[in-house]
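Working notes, beginning with the structure itself.
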Amino acid sequence: MQLEFYGGAGEVTGSCHILTVGGRRLLLDCGMIQGGDSPDERNRAPFPFDAAQVDAVVLSHAHIDHSGRLPLLRKRGFRGPIYTNPACRDLVRILLADSATMQERDAERDNRKRHRSGAGRLVEPLYTLEDALDVLQQVRTVRYGQPVEVLPGVELTFRDAGHILGSASVWLTLQEGTLVRRVTFSGDLGQYDSPILRDPEPGPGADLVLMESTYGARLHRERAATLDEFGQILRDAKRDGGNVLIPAFAVGRSQEILYELATHFDEWQLADWRVFLDSPMAIEATAVYWKHADLFDEEAREWHARERTLPGLPNLTLCRTAEESMAINRMPHGAIIVAGSGMCTGGRIVHHLKHNLARPECDVVFSGFQAQGTLGRAIVDGREYVRIHGTPVKVAARVHTLGGFSAHGDQQDLLRWYAAIPGRPPAWVVHGEPEAAEGLRDALRAQGGRAEVAVPGAVLDLGAVA
Ligand SMILES: [Zn+2]
C-alpha cells in the first residue's frame, strides 16, 4: 500500500497523486499544469504510470488544475470510473469543454504559423472536445457524506471543502490484507464564513493527511472590510458617471460577485445601474449553482428561496451572444460589467477594457489573483499604458484590488480545518509554492502536529505511516 506524490507537490497546479492498494491504482485528481516554465511541454509529457493501468480516479473539484488532464488520461487509455460530487460533475463538464476548445484553437493557430513559416510537423491539440466529452461518460457521482466502495479495499467518503460548488475533501479507508489505513486529501479548502458556500466540513480521524497550502503562509483581509470597500467604490463610481468593469473567473467568483451585488442592492445604491454578466461560461456556471442550491449555506438558501429568479438582481442582463456583448459598448455610463477572463488574458473583458480603460470616469475592480505576465497584472501594477490587441491604451480609469475575495482559505482557515481532525495525524503539505508550503508546515508543527512538505516523485509506504 503506497502513495506517490506526482503533480501539485512543490507547486500550485497540476494536482495528481497516485495511491496503490492491493495492486490496484487510484488517482487523486488529474490536473493541468498552468503557468511556470513550459507548462505545455510538461502537460504533454508521459505520465509516470500507464494510463490504461489506472483503475479509478477520485476528483476533488472541477477547477482545471485538478481536472484538466482527465481527457488526456482517457486519450492515453484510461477507461475506469471517475468519482466526484454531482455539482462538480456539472461544473467540470463546462470547464473541460472550454479547456478542450482552447487546446484545439491553440493548436490550429500554431499550425497556421508553422504552415506559413514552412516549419515541418504539425502539432496535435493536447486533447479534443471529443476526448473531453468521452471522459465525461466515465464520471460517477457520489454525494457528500455517503461512503462508497470505489475499488476492492478502497472506501471513499466526500466531505464539503467549501472552495467552489461541489468541492470536496476526500476521506479514504484503505484495506490490504490485515493492513488498514485512513488517508485524507484536503482538496482545495475554502474560507470559513464565505458567501454562498458552506464551511469546510470536519471529518473523522485519519492516519495521514495531504493538505493544500496555496495560502499556507498568508492571512486574507477581513471580508467585512473588503465588502465595505466594494460598496464605497460603487457609490463613488455612480457619482463619477462612468462604467465599472469587474474581471471575474466564470466559476465561483462571478456567482459570488452577483450574490454580493444582490444582497447589498439597497446599501450600495445599485438601483440606477444596469448589471451585465457578459460571459456564456459564467452564465452556464450560474445555472449550475442555482440547480444545486441545496448545497448552499443557510443564508444563501434563504435568499434563494426568497428570490426565485436567477440570481436575484432585478437589473441584471445575461449576455450570451457577441451582439449582446457589443451592445454594452454603446453605454458610456451606468453599466457594471462582470466578464471573463479573470486575469484579462482573453474573453470579453478585454474588449470592455479597450473601450473604458482610457476614461478617467471609469473603474476597474479586481477581486482575484493576477499572475505575472497577464494584462490584469500589468493594470494592477500601475502601468501607464498597456497593449490591447496590439494597440497601446492609456490606463486612466481608477484601478482597485479587493483583497478578501479568495476561494482558498488562508493559514488560519487551514489550521482550523486540520485542528478538527482528531488525533493530529501526520500531514504532508502539497499544492503550494515552496514558501507557502513551508509556512504551513511550520505552523502545523508549532501547533504540535507532525508535518512535512511533499517532494514530487517521493513514495510513501503507508504500512510504515502512523
Ligand atoms: Zn481549486
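Just so it is clear, the values below take in all heavy atoms, side chains as well, and ignore hydrogens, waters and symmetry mates. Quantities reported herein were computed from a predicted structural model and do not represent experimental measurements.
Taking the side chain as every heavy atom from C-beta outward, Phe78 and Gln138 approach each other to under 4.5 Å. The shortest side-chain heavy-atom distance between Val364 and Phe366 falls under the 4.5 Å cut-off. Looking at Arg69 and Ile33, their side chains come closer than 4.5 Å, going by heavy atoms from C-beta outward. Counting only heavy atoms from C-beta outward, the side chains of Lys394 and Pro360 never approach each other to under 4.5 Å. Within the 4.5 Å cutoff, no side-chain heavy atoms of Gln34 are placed close to those of His63. Contact of the Phe230 side chain with the Ile257 side chain is registered, since non-hydrogen atoms from C-beta on lie closer than 4.5 Å. You'll find the side chain of Val453 stays beyond 4.5 Å of the side chain of Pro434, heavy atoms only. Looking only at side-chain heavy atoms (C-beta outward), Cys88 and Phe158 stay at 4.5 Å or farther from each other.
The distance from atom CG of Asp413 to atom CH2 of Trp417, rounded to the nearest 0.5 Å, is 12.5 Å. Ile164 contributes atom CD1, which lies 11.5 Å from atom CZ of Arg253 (distance to the nearest 0.5 angstrom). Here CG of Asn356 is found 7.0 Å from CG of Asn329. Values are rounded to the nearest 0.5 Å. Asp110 CG to Asp40 CG: the interatomic distance, rounded to the nearest 0.5 Å, is 8.0 Å. Taking CD1 of Ile328 as the reference point, atom CE of Met331 lies at 8.5 Å (rounded to 0.5 Å). Note that CD1 of Ile246 is 8.5 Å distant from CG of Leu258, once rounded to the nearest 0.5 Å.
Between His66 and His61, the two ring planes are tilted [angle within 30° to 60°].
Side-chain atoms of Asn111 come within 3.5 Å of backbone atoms of Val123 as a donor-acceptor pair (strictly under, hydrogens ignored). Without hydrogens or angle criteria, Asn85 side chain to Ala87 main chain gives a donor-acceptor distance under 3.5 Å. Tyr289 contributes a side-chain N or O that, together with a main-chain N or O of Leu165, makes up a donor-acceptor pair within less than 3.5 Å. Checking side-chain atoms of Asn315 against main-chain N and O of Leu270 turns up a donor-acceptor pair under 3.5 Å. Proximity of a side-chain donor or acceptor of Arg359 to a complementary backbone N or O of Pro332 within less than 3.5 Å is detected. A side-chain donor-acceptor contact under 3.5 Å links Lys75 to the backbone of Leu126. Remark: the backbone N or O of Glu267 is paired with a side-chain donor or acceptor of Arg235 at under 3.5 angstrom. Under a 3.5 Å cut-off, the side chain of Arg377 and the backbone N or O of Gln370 do form a donor-acceptor pair. Counting only distance, with no hydrogens or angles, the side chain of Gln191 and the backbone of Ser406 share a donor-acceptor pair below 3.5 Å. Looking at Ser60, its side chain never comes within 3.5 Å of a backbone N or O of Ala168 through a donor-acceptor pair.
Aromatic pair His17/His431: ring centres not closer than 6.0 Å. For Trp303 and Phe296, the distance between ring centers is not under 6.0 angstrom.
In Glu222, the CD atom is not crowded: 12 or fewer heavy atoms of neighbouring residues, nucleotides or ligands sit closer than 6.0 Å. The neighbour count for Gln412 CD, taken as heavy atoms of other residues, nucleotides or ligands under 6.0 Å away, does not exceed 12. Within a 6.0 Å radius of CZ in Arg383, other residues, nucleotides and ligands contribute 12 heavy atoms or fewer. The environment of Arg221 atom CZ is dense: over 12 non-hydrogen atoms of other residues, nucleotides or ligands sit within 6.0 angstrom. Within a 6.0 Å sphere centred on NE2 of His389, other residues, nucleotides and ligands contribute more than 12 heavy atoms.
For the residue pair Ser186 / Tyr418, no side-chain donor-acceptor distance below 3.5 Å is found, with atom types taken as modelled. Side-chain contact check for Asp363 and His400: at least one donor-acceptor pair (N or O, by modelled atom type) lies under 3.5 Å. Using modelled atom types, one finds a donor on one side chain and an acceptor on the other under 3.5 Å when comparing Thr128 with Asp131. Using modelled atom types, one finds a donor on one side chain and an acceptor on the other under 3.5 Å when comparing Thr214 with Glu212.
Among Asp188, Asp65, Asp29, the single residue meeting the side chain to side chain donor-acceptor pair (under 3.5 Å) criterion with Ser15 is Asp29. Between His220 and the choices Phe369, Tyr192, Tyr215, the ring-ring contact (aromatic ring centres under 6.0 Å, His included) rule is met once, by Tyr215. Each of Leu136, Asp134, Ile82 was evaluated against Arg74; a single residue qualifies, Asp134, per the side-chain contact (heavy atoms from CB on, under 4.5 Å) test.
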TODO: Start with the C-alpha distance between Ile388 and Leu357, add both sets of side-chain angles, then the distance that settles side chain to side chain contact (heavy atoms under 4.5 Å, CB included), and finish with yes or no.
DONE: CA-CA 10 Å; Ile388 300 182; Leu357 201 54; 4.2 Å; yes

- [ ] Kindly indicate, with the supporting measurements, whether the criterion side chain to side chain contact (heavy atoms under 4.5 Å, CB included) is fulfilled by Trp273 and Leu261.
- [x] CA-CA 11 Å; Trp273 289 98; Leu261 294 177; over 6 Å; no

Open item on the list: Under the criterion side chain to side chain contact (heavy atoms under 4.5 Å, CB included), I'd like the reasoning laid out for Met211 against Leu444: C-alpha separation, chi angles, the key distance, then a yes or no.
Closed with: CA-CA 11 Å; Met211 258 189 99; Leu444 287 166; 4.2 Å; yes

Open item on the list: Is there a side chain to side chain contact (heavy atoms under 4.5 Å, CB included) between Cys344 and Thr374? Walk through the geometry before answering.
Closed with: CA-CA 7 Å; Cys344 312; Thr374 60; over 6 Å; no

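Here the closest non-hydrogen pair linking Ala100 and Ala132 is CB-CB, 4.0 Å. Residues Glu124 and Ala107 come closest through the heavy atom pair C-CB, 4.2 Å. Of all the heavy atoms in His163 and Ser167, the pair that sits closest is N-OG, 3.0 Å. Here the shortest heavy-atom pairing between Ala335 and Asn243 reads N-OD1, 3.0 Å. Taking every heavy atom of both residues into account, Ala443 and Gln411 meet most closely at CB-NE2, 3.5 Å. When all heavy atoms are compared, the tightest approach of Gly216 to Leu414 is CA-CD1, 3.9 Å.
Under the 4.0 Å criterion applied to side-chain N and carboxylate O atoms, Arg398 and Asp236 are not assigned as salt-bridge partners. One finds no salt bridge joining Glu108 and Arg105 here, because no Lys/Arg side-chain nitrogen approaches an Asp/Glu carboxylate oxygen to under 4.0 Å.
Annotation: cation-pi pair Arg76/Phe47 present, NZ/CZ under 6.0 Å from the ring centroid and within 45° of its normal.
Under the salt bridge (Lys or Arg N to Asp or Glu O under 4.0 Å) criterion, Glu260 pairs with Arg223, not counting sequence neighbours.
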